Amino acid sequence: MSDTATLSPTSLGNAPYDVERVRQDFPILTRLVHKRKGRPGKPLVYLDNGASAQKPRQVIDAMSHLLENDYANVHRGVHFLSQRSTDLYEGTRDKVAAFLNAPSRENIVFTRNATEAFNLLAQSWGRRFLKAGDAVLISWMEHHANIVPWQLLRDQIGIEIKVVPVLDDGSLDMSAYAQLLTDNVKLVSITHASNVLGTVNPAKRIAQLAHAKGIPVAFDGSQAAVHQPVDVQAIDADFYVFTGHKLYGPTGIGVMYGKMEHLNAMPPWQGGGDMISTVSFAHTTYREAPYRFEAGTPAIVEGIGLGAAIDYVTALGMDAIHAHEQRLLAYATGRLSEIDGVRIIGTAPDKAAIISFTMDGIHPHDIGTLLDSRGVAVRVGRHCAEPLMDRFGVGATARASFAAYNTEAEVDALVDAVLATKSFFG
Amino acid sequence: MSDTATLSPTSLGNAPYDVERVRQDFPILTRLVHKRKGRPGKPLVYLDNGASAQKPRQVIDAMSHLLENDYANVHRGVHFLSQRSTDLYEGTRDKVAAFLNAPSRENIVFTRNATEAFNLLAQSWGRRFLKAGDAVLISWMEHHANIVPWQLLRDQIGIEIKVVPVLDDGSLDMSAYAQLLTDNVKLVSITHASNVLGTVNPAKRIAQLAHAKGIPVAFDGSQAAVHQPVDVQAIDADFYVFTGHKLYGPTGIGVMYGKMEHLNAMPPWQGGGDMISTVSFAHTTYREAPYRFEAGTPAIVEGIGLGAAIDYVTALGMDAIHAHEQRLLAYATGRLSEIDGVRIIGTAPDKAAIISFTMDGIHPHDIGTLLDSRGVAVRVGRHCAEPLMDRFGVGATARASFAAYNTEAEVDALVDAVLATKSFFG
Amino acid sequence: MFDDLRDLYQEVILDHGKNPRNFGKPESYNRTARGDNPMCGDKINVYLTVDGNGIIQDLRFDGRGCAISQASASLMTEILRGKPAAEAEALFEYFHDVCTKDDDEQGVHENLDEDATDKLAVLSGVREFPMRVKCATLAWHTMKAALHGDPVTSTENSAF
Amino acid sequence: MFDDLRDLYQEVILDHGKNPRNFGKPESYNRTARGDNPMCGDKINVYLTVDGNGIIQDLRFDGRGCAISQASASLMTEILRGKPAAEAEALFEYFHDVCTKDDDEQGVHENLDEDATDKLAVLSGVREFPMRVKCATLAWHTMKAALHGDPVTSTENSAF
Ligand SMILES: Cc1ncc(COP(=O)(O)O)c(C=O)c1O
Ligand SMILES: Cc1ncc(COP(=O)(O)O)c(C=O)c1O
C-alpha cells in the first residue's frame, strides 16, 4: 500500500441505496455501548449526527495511511515526503472546490471549524468593511457560531445586529427578511439549514434579495452541506461555511468559501508562518488569498482526511444520501407524531433530516439519559441555539438527526425508547 | 480492544536508550522514498523534525481507535460516546498540565498550533493590556509566529516592537536584553529555543529580569518542549506555548499555558459554541478560562492524539530523549565541521539538536534536492525566521534537526550526502 | 425497562421530581440567587430566609429542570430547613463527595445530621452519570450563592 | 552519484548556474523589477532595455538564487535579447508548460523561435520536482513584471 487511491466507498454503482453496505464502512456502528462487568452492552443507535457524524473506514485509513507513509510538514519542504503531503493536502482544496462547485481552488480557505470561519469573517471582512452603525442581518435560528462573533465585533466597533424572525413552523419569515434589508445592512449572514429545526432556508432567494440591494451574503452550511448537494455558484453565495467533522470528516478542519473579490480585499487575520510573503521587523507583506488566511502549520492530516470524506460522500452521491435521509425523516416524523405528548419543533416543508422534540412533563435531559441507556444517542439541550429555544418557549429539546448510515430499524429503536421513557415517567 | 490503556512505548525500563526499539514504534521509518517504476527507492533518513516530527504507532492508533470505538462530539452530550470522548479529550488537558508541570489543568488552553497561540495572546491579552506606545520585547531569533501577530497588533493599536539582538554564536545578547527592559515594555515574548540556531535561551533568567520590573513573559516552546523537559513553574513563565505536531503528536492542536491571573483577566477571542455561558441577542456571557478561549467543536481527535504523544514521550523520558539527541548533535557537529566549506550557523553552548548550515558556493535549495535524492530529508530555506537569516547574512540555510528516533548511521548518511553534494557542484 | 437506571432514578427521586416540595416564590425572603445550568438550559431560583442567628428559617425554589435537578432542589429544601447556614455548606461539601466520588474516596465529613445524609444518599446514583452531576448540584450551588450574596451562579464554571 | 538528478541538473544548467551570463546591473536600462521567491529567500532583479519598437535590446539580472534559478535567468537573458516583448511573453507561456506539464498535455505554442525552445528544453527536468518549478520560473516572472511596469513580484503568489 503506497497509494491512497482506494478511498471510494463500498461501491454502490447505480443500485438502489444499500444502507447495510454503507454501514459496513463505519467501524463504530458495530459497537456495543454501556458494556461493563457482566452487562452485555447495547447496540449503538447513533442519532447525534447533527453534533458530529461518525467516520467511514476510508477517512480513518486515509489519515493513518498518511501518518504511516507520507507525512511531513507542507508547503516549504523540497524533500519527498513534504512534497507528497503538500500534494495530498492541497488536493483537498480542489476536492472542496468541486464539492461546492466553487469556480476555483483559491476560493477555499481552511479553518479549524465553522466557528472559526465566522470569526475570520467578522474580524477580517467585518473590521475592514463595517463601521459603527452598520448592521449585520442574521436570523433567529442561528447557531451561536453565527451570533457570538458578530456580538464580539459589535462590542469592538459598534455594529448593529438585526435578526430575521422565524415562523411557527420553523420557516424563516421571508417577508420580514425583505423588510429588514434596510440601507444600513451591510452583510446578511444566515444559516442554510437549522441545526435544531431542520429548516432549509431558500438560499438563492435570500441572496437575490440581498444582492438586489448590493449586500453580500454569507451562509452557514454546517448542516446543509451534509444533507444535500450544495452549489455556491447557483446560490450565488458570497461566503459559504461548513465544518469537516459533520461531513464524516475529521475534527480540526473547516472551510470558508469566499468569492475572490471579497477574499482579495480582506486583510490577514492571524499572523505567522506560511501566510507571509516577506518578513522584516519594519514591514511584512502577505500572501494572496486563500493562503493569507492560513497562518502556521495547517491541520495537514485533517485536511487530507476531509478530502477522503468528500471522496466518500461524492461516491455515495449527495443526492442519494439526501433521498435516503428524507425517507428516514418521513418515517420517523410519522411515528413520533403518533405518540401522545410528543411535540416536534420545526415542521417546515423540505426540511433536512433533523427532528427536535419535547415530551410533556419530561425534561429533555431525562429523555437523553433514558434513551442513552438503551443505546440510542440523541442530543439534548439548547443545541448552541439559545435564542431559538426562547423563541419556541422551550428550555431545551431532544434532537434526533440522521446520516447516510441510519436505518428504519434505528428509527424504530428511537420510537420504542421514547415510548418506554414516556411510561417510565408516566 | 475497548480501552486505550496500552499506549506506552515499547518499554525501555531502566535500560540504556535503545534507539532501535524506539524506531520500531514509528511505522514511517521503514519507508523507502522515491520508489517508482524500476527504482528500488531509498531508505528514509528523516532529519526534518524541526518542521514536524513523525508519529509513533501509539499516537496513530489512539486516533484510529477513538474513531472506531469512542468518537462523538464533546462537552454537551449526555450519551455514552459523548461522555467517553469528553473524558479522553479533557484527559489530555491533565496530561499537558503534568507535562509542563502546570499548577492545574485550567492553565491549559488548546489552540490549533503555536501560531494561533501567539495570535490569541496578541489579540486577547494584547488588546486588553497594551496601548499605543507600549512595547513588546521579542528577539532576533523569533519564528514568524512570534513576530507577525505583534506586527498585526502594532498596525491595529500602535504598539512598538523591540528586538533583542543575537550574538555571533547564536546566543541571545543578555546584556542587551537587560537594557531593553525599559519602562514601556509591557510584555516579553521570546523563544525558549531557536528553530534555526538550536540556541536554548536562559528562560528562568529572562523571566527573573522581566519580573523584577513587573513585566510578564511569554515563551515560545515549540522547539524547546520537544527536546528537553520543561517546567513552567520553575521557569516562572507567564505564558508558554508549544505545538502538537512537533512533539510526535497530531497536526491541528497546540497549547498555550497561562497563569490563571492572566487567563482570568483576558477577554474571549473567538466567539461561538462551547465558550459561552448564556447567549441572547442583547447580551452574552462567557465561560471561565480556559474554556472561554476554545470556541466551537474542538480538535477532539487531535487533542486525544496529543495525549497519546505526551504519554509516549513521558514513558521514554524527556531526559533520555535529550541525552540521546545531544549525543547525535555532538557527533553530527563534529563530522560536518570537518568538511571544508561547510559553515554551521548557531554554536551556542547547550543548544538543542538542530544544525543549520550553509555550503560555500552551493545554494541551500540545491543541497536540499541533492540530499533528498538520497533519501535524506532536511529543511532548506528561511525556516520562517527571515530576520535571523538577514542577521547572519544568509538568504537561507539547510537544517538537520534530530528526534528521539534518529541514529548515528543517519548522521553518517547525512554527512555522506553532504560530501557527495560538494563534489557534484565542485 | 430501564434496569441500568434504577440507581439514578430511585422512587424518591421520581416522586420529588414530579411533586417538588417547597416549590414557588415565597412572599418574603432575605437571600436569593439564580442558578444556570447552561448545558441543558435549566434555570433555578432559590429563596432563603435566614434569621439573625444564621438559621435557615425557610427556603423555597422555583424554575425548571430535569427530574434530577428538581428532585435535588426539593430534597434540599426539606433537609436544610431549620439548619444553620454553616451546616448547609458542610452538607453541600458532603453532597459533592457523594455525587462525584466512590465511597472509599470521600473526605471526612463529621457531625452531620444523619437524617440529612441518609436522604441525600438517594442521589448518589449520579456518580455513574458524570454528565448529570451538575443537574444534582445546581440547587446547592444556587443556595450557596444566595448565602454568599452572589445574585447569579452557573454550574458551567464549576468543576462539578 | 546523483543519477536521479541527471535530468534536473544537466551540464548546461550547472554551467550557467556557476557562470551566469549577463549578470550584474547595467549602467542604463528602462524597465526593471524585483522578484522574490519567499520559499527559499531568493531575490532577483531583472533590468531591461526595450526600444521604441518594443524590442528587448538588452537584459541583465543580478541577485542570488539556487543553481536552477541562476541558470534559468542566465538562459533567459541569452534567449530574449533582440526579441520583441510580445515574443518574450509567448516564450514564457511556452516555458511554463515545459516546466509543469507532460509533453502531451502542453498547449499549442506556434511561431516560436526554435533555437529558443530548444534551449529552454534543458530545464524541462524541473517538471519532476514540483518544489523547484518556482526556481526555474522566477526570472521569467520578474521579466514579465518589468515589462508590465510592476516593481516587485513574488512567485509565492503565482500558481507555478
Ligand atoms: C520556534 C517555533 N515557533 C513557532 C513555530 C510555529 O509552529 P506552528 O506552525 O505549528 O504554529 C515553529 C515551527 O514552525 C517554531 O519552530
Ligand atoms: C448550523 C451550525 N453552525 C455552526 C456549527 C458549529 O460547528 P463547529 O462547532 O464545528 O464550528 C454547527 C455545529 O455545531 C451548526 O450546526
Side-chain angles (χ1 to χ4, degrees), chain A residues 27-28 31 33-34 48 51-52 54-55 60 64 67-69 71-73 76-81 112-113 115-116 119 144-145 147-149 151-152 161 163 245 250-252 270-273 276 278-281 284 295-297 299-302 365 368-369 372 377 379-381 384 386-387, chain B residues 27-28 31 33-34 48 51-52 54-55 60 64 67-69 71-73 76-81 112-113 115-116 119 144-145 147-149 151-152 161 163 245 250-252 270-273 276 278-281 284 295-297 299-302 365 368-369 372 377 379-381 384 386-387:
Chain A
I28 206 171
R31 192 196 206 297
V33 294
H34 292 300
D48 192 19
S52 199
Q54 297 298 342
K55 321 304 172 201
I60 302 171
S64 308
L67 291 172
E68 287 169 7
N69 294 277
Y71 176 78
N73 209 329
R76 306 260 156 186
V78 297
H79 62 76
F80 180 87
L81 293 179
R112 174 178 32 241
N113 49 24
T115 303
E116 191 184 42
N119 283 277
H144 294 165
I147 301 174
V148 187
Q151 294 183 316
L152 292 175
I161 296 170
V163 188
H245 66 94
T251 47
Q270 296 187 26
I276 55 90
T278 63
V279 173
S280 72
F281 290 123
T284 288
T297 302
I300 300 167
V301 185
E302 295 64 42
H365 242 64
T369 297
D372 174 56
R379 182 112 322 202
V380 296
C384 296
E386 197 171 339
Chain B
I28 206 171
R31 193 193 203 300
V33 295
H34 292 300
D48 192 18
S52 200
Q54 297 298 341
K55 320 305 171 201
I60 303 171
S64 310
L67 291 173
E68 289 170 5
N69 294 276
Y71 176 78
N73 209 330
R76 305 259 157 188
V78 296
H79 61 75
F80 181 86
L81 293 178
R112 173 176 33 241
N113 50 24
T115 303
E116 191 184 42
N119 282 277
H144 294 165
I147 300 175
V148 187
Q151 294 183 315
L152 293 175
I161 296 170
V163 188
H245 66 93
T251 48
Q270 297 187 26
I276 56 89
T278 62
V279 172
S280 72
F281 291 122
T284 288
T297 302
I300 300 167
V301 185
E302 296 63 43
H365 242 63
T369 297
D372 173 56
R379 180 111 323 197
V380 297
C384 296
E386 197 172 341

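Note that the coordinates shown come from a computational prediction; the quantities given were computed from them, not determined experimentally. A, B, ... follow the sequence lines: proteins, then strands. Residue 1 opens every chain.
Interface residue A:Gln270: backbone and side-chain heavy atoms are both found under 4.5 Å from chain B. Both the backbone and the side chain of B:Glu68 come within less than 4.5 Å of a heavy atom in chain A. For chain A, the nearby parts of B:Asn73 are the backbone and the side chain; heavy atoms of each come within less than 4.5 Å. Both the backbone and the side chain of B:Leu67 come within contact range of chain A, with heavy atoms under 4.5 Å apart. Only the side chain of A:Val163 comes within less than 4.5 Å of a heavy atom in chain B; its backbone stays farther off. For B:Thr297, the parts sitting under 4.5 Å from any heavy atom of chain A are the backbone and the side chain alike. Looking at B:Val380, both its backbone and its side chain come within 4.5 Å of chain A, counting heavy atoms on both sides.
Residues satisfying the side-chain hydrogen bond (donor to acceptor under 3.5 Å, both in side chains) test with B:Glu386, not counting sequence neighbours, are B:Arg382. Considering only residues two or more places apart in sequence or on other chains, B:Ala72 meets the side chain to side chain contact (heavy atoms under 4.5 Å, CB included) condition with A:Tyr46, B:His79, B:Leu81, B:Ser82.
Nearest heavy atom pair, residue A:Gly271 against residue B:Thr115, reads O-CG2, 3.2 Å. Nearest heavy-atom pair across B:Gly273 and A:Cys384 is CA-SG, 3.9 Å. Shortest non-hydrogen contact noted between B:Val279 and A:Ile147 is CG1-CG2, 4.2 Å.
The OG atom of B:Ser280 lies 7.0 Å from the CD atom of A:Gln151; values are rounded to the nearest 0.5 Å.
A:Thr251 and B:Tyr71 share no donor-acceptor pair across their side chains, judged by distance under 3.5 Å alone.
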